[in-house]
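The block underneath contains the structure these notes are about, expressed in structure tokens.
Chain letters run A, B, ... following the sequence lines, proteins first, then strands; residues in each count from 1. The model shown is predicted, which means the values in this text are computed figures rather than measured ones.
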Protein chains: 2
Amino acid sequence: MQIGEASRATGVSAKMIRHYEQIGLIPAADRRDSNYRDYGAEDVHRLGFIRRARDLGFSIAEIGDLLRLWGDRDRSSRDVKALTQSHIRELDAKIALLGEMRETLAHLVHCCDGDNRPDCPIIESLAGAAPISH
Amino acid sequence: MQIGEASRATGVSAKMIRHYEQIGLIPAADRRDSNYRDYGAEDVHRLGFIRRARDLGFSIAEIGDLLRLWGDRDRSSRDVKALTQSHIRELDAKIALLGEMRETLAHLVHCCDGDNRPDCPIIESLAGAAPISH
DNA sequence: CTTGACCTTACCATGATGGGAAGGTGCAAG
DNA sequence: CTTGCACCTTCCCATCATGGTAAGGTCAAG
């Protein structure tokens, strides 16, 4: 099948399929006489794998590791589990950071009247100790 | 003061200070005879404002809006509050997305023995063999 | 034979930041 | 005075994952 059909079948844009090939995440696709890329069931399967991993927030580098583990019959599930736990920790760190921002802002919003007057604890907090002189 | 001192005083790298000037987020700094940028108290104050907003996850465009509101004596706190609430909703969306990833992965990790054998529900789920349930 | 859908490569853009090269400036110590 | 060093300048390139667009080739149906 052509790249467009493979894209539709997997939810990975044709643009990204070419990109993944270019950076070596997937092997170079077969070519027809027309020079069009040609994809088979295995390629589509691999692209589906990549899309699911991407949807779970794995980076390209991590997806490369996962693909290697996927293709390795002698892999230990320990390795996969460790990679995944490491990724969960990354997610937890991001969530914690965003959560802190969210709470700080929620507090400021709570303290802000939100009326027509200029007095605003949000701006004052961003401005820090001393107001600008004008 | 020179850019390095302004950087140290605000926690914004010299690189980013030049960048903010280049994209028009801050006015072009005064120059000395040496062509070195020269920063005063007001500039440092503004950079501190930017750094705090950045630390709360505001985008450059949003920080531009906040700077305009900061400098506008006739602003209504309503506008600042609305901008902040909009940003909180963005943060909530990101947190929810990351949280979903996290929970899905936590479930898979829980189901994975993590031993020397290759059988691994994590890889199987990515491969599309089984739906991701939680 | 044209039209339109599809493909190809190549280049540029995002947002926020860092790295580094090549060269100018300023100040203190030799 | 010269050397050395810290600091500054501009310019270009890289990240990560993705999209856009342009210029052109391929192919099937009308």
Side-chain angles (χ1 to χ4, degrees), chain A residues 1-26 28-40 43-44 46-47 49-67 87 90-91 93-94 97-98 101, chain B residues 1-26 28-40 43-44 46-47 49-67 87 90-91 93-94 97-98 101:
Chain A
M1 72 181 69
Q2 293 184 164
I3 199 169
E5 196 181 341
S7 169
R8 261 168 266 127
T10 60
V12 181
S13 73
K15 206 83 180 176
M16 289 314 297
I17 296 175
R18 292 193 196 97
H19 181 61
Y20 292 154
E21 176 181 317
Q22 212 231 317
I23 64 175
L25 187 67
I26 56 178
D30 290 340
R31 298 291 185 129
R32 305 214 150 180
D33 290 347
S34 59
N35 197 34
Y36 288 6
R37 288 176 180 81
D38 191 21
Y39 295 91
D43 302 303
V44 168
R46 183 166 33 230
L47 287 169
F49 182 102
I50 291 172
R51 193 188 63 75
R52 280 180 287 275
R54 197 192 57 182
D55 287 350
L56 288 171
F58 286 101
S59 69
I60 293 285
E62 287 168 331
I63 293 175
D65 292 340
L66 287 169
L67 283 171
H87 179 50
E90 291 169 21
L91 289 175
K94 282 187 195 173
L97 189 62
L98 294 176
M101 293 176 184
Chain B
M1 71 181 69
Q2 293 186 166
I3 199 170
E5 195 180 343
S7 169
R8 261 168 266 127
T10 59
V12 180
S13 72
K15 209 84 178 172
M16 290 312 299
I17 296 176
R18 293 193 196 95
H19 181 61
Y20 292 155
E21 176 180 316
Q22 212 230 318
I23 65 176
L25 186 68
I26 56 178
D30 290 341
R31 299 291 184 131
R32 305 215 150 182
D33 290 347
S34 61
N35 197 35
Y36 288 6
R37 288 175 180 80
D38 191 21
Y39 295 91
D43 302 303
V44 168
R46 183 165 33 229
L47 287 170
F49 182 102
I50 291 172
R51 194 188 62 76
R52 279 180 287 274
R54 198 191 58 183
D55 287 350
L56 288 171
F58 286 100
S59 68
I60 293 285
E62 288 168 331
I63 293 174
D65 291 341
L66 287 169
L67 283 171
H87 179 49
E90 291 169 21
L91 289 175
K94 281 187 196 173
L97 190 62
L98 295 175
M101 294 177 185

Kindly give the heavy-atom pair with the smallest separation between [X] and [Y], and that separation in Å.
{"X": "A:Leu91", "Y": "A:Leu56", "value": "CD1-O, 4.3 Å"}
{"X": "A:Arg54", "Y": "A:Ile63", "value": "N-CD1, 3.8 Å"}
{"X": "B:Arg51", "Y": "B:Asp55", "value": "NH1-OD2, 2.5 Å"}
{"X": "A:Leu67", "Y": "A:Phe49", "value": "CD2-CD2, 3.5 Å"}

Side chains of [X] and [Y] in contact at under 4.5 Å (non-hydrogen atoms):
{"X": "B:Asp65", "Y": "B:Phe58", "answer": "no"}
{"X": "B:Met1", "Y": "B:Arg8", "answer": "no"}
{"X": "B:Glu62", "Y": "B:Glu90", "answer": "yes"}

Does [X] have a side-chain nitrogen or oxygen under 4.0 Å from the phosphate oxygens OP1 or OP2 of [N]?
{"X": "A:Gln2", "N": "C:dC6", "value": "no"}
{"X": "B:Arg51", "N": "C:dA16", "value": "no"}
{"X": "B:Arg37", "N": "D:dC8", "value": "no"}
{"X": "B:Arg32", "N": "C:dT25", "value": "no"}

Rounded to whole Å, how long is the line connecting atom [atom1] of [X] with atom [atom2] of [N]?
{"X": "B:Tyr39", "N": "D:dT9", "atom1": "OH", "atom2": "C1'", "result": "12 Å"}
{"X": "B:Glu21", "N": "D:dC11", "atom1": "CD", "atom2": "P", "result": "12 Å"}
{"X": "A:Ile3", "N": "D:dT26", "atom1": "CD1", "atom2": "P", "result": "17 Å"}
{"X": "A:Asn35", "N": "D:dC27", "atom1": "CG", "atom2": "C1'", "result": "14 Å"}
{"X": "B:Lys94", "N": "C:dG15", "atom1": "NZ", "atom2": "C1'", "result": "10 Å"}
{"X": "B:Ile50", "N": "C:dA16", "atom1": "CD1", "atom2": "P", "result": "12 Å"}
{"X": "B:Ile17", "N": "C:dA16", "atom1": "CD1", "atom2": "P", "result": "16 Å"}
{"X": "B:Gln22", "N": "D:dT10", "atom1": "CD", "atom2": "P", "result": "10 Å"}

| field | Lys/Arg N to Asp/Glu carboxylate O, A:Arg46 vs A:Asp43, below 4.0 Å | value |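 The answer is yes: the pair qualifies as a salt bridge.
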
| request: Counting heavy atoms from C-beta on, name the nucleotide in C:dC6, C:dT8, D:dT9 closest to the side chain of A:Arg8. | output: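 The closest nucleotide is C:dC6.
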
Name the pairs: protein N/O against N/O of nucleotides 22-24 of chain C, kept only if under 3.5 Å.
residue: C:dG24; atom: N2; partner: B:Tyr36; partner atom: OH; Å: 2.3

| task | Starting at the 5' end of nucleotides 12-22 of chain D, put B wherever the base has a protein heavy atom under 4.0 Å, S where only the sugar-phosphate does, and a dash everywhere else. | result | -----SBBBB-

Indicate every side-chain donor-acceptor pair of residues 11-26 of chain A with a distance under 3.5 Å to a residue at least two apart or in another chain.
residue: A:Ser13; atom: OG; partner: A:Met16; partner atom: N; Å: 3.1
residue: A:Glu21; atom: OE1; partner: A:Ala29; partner atom: N; Å: 3.3
residue: A:Glu21; atom: OE1; partner: A:Arg37; partner atom: NE; Å: 3.0

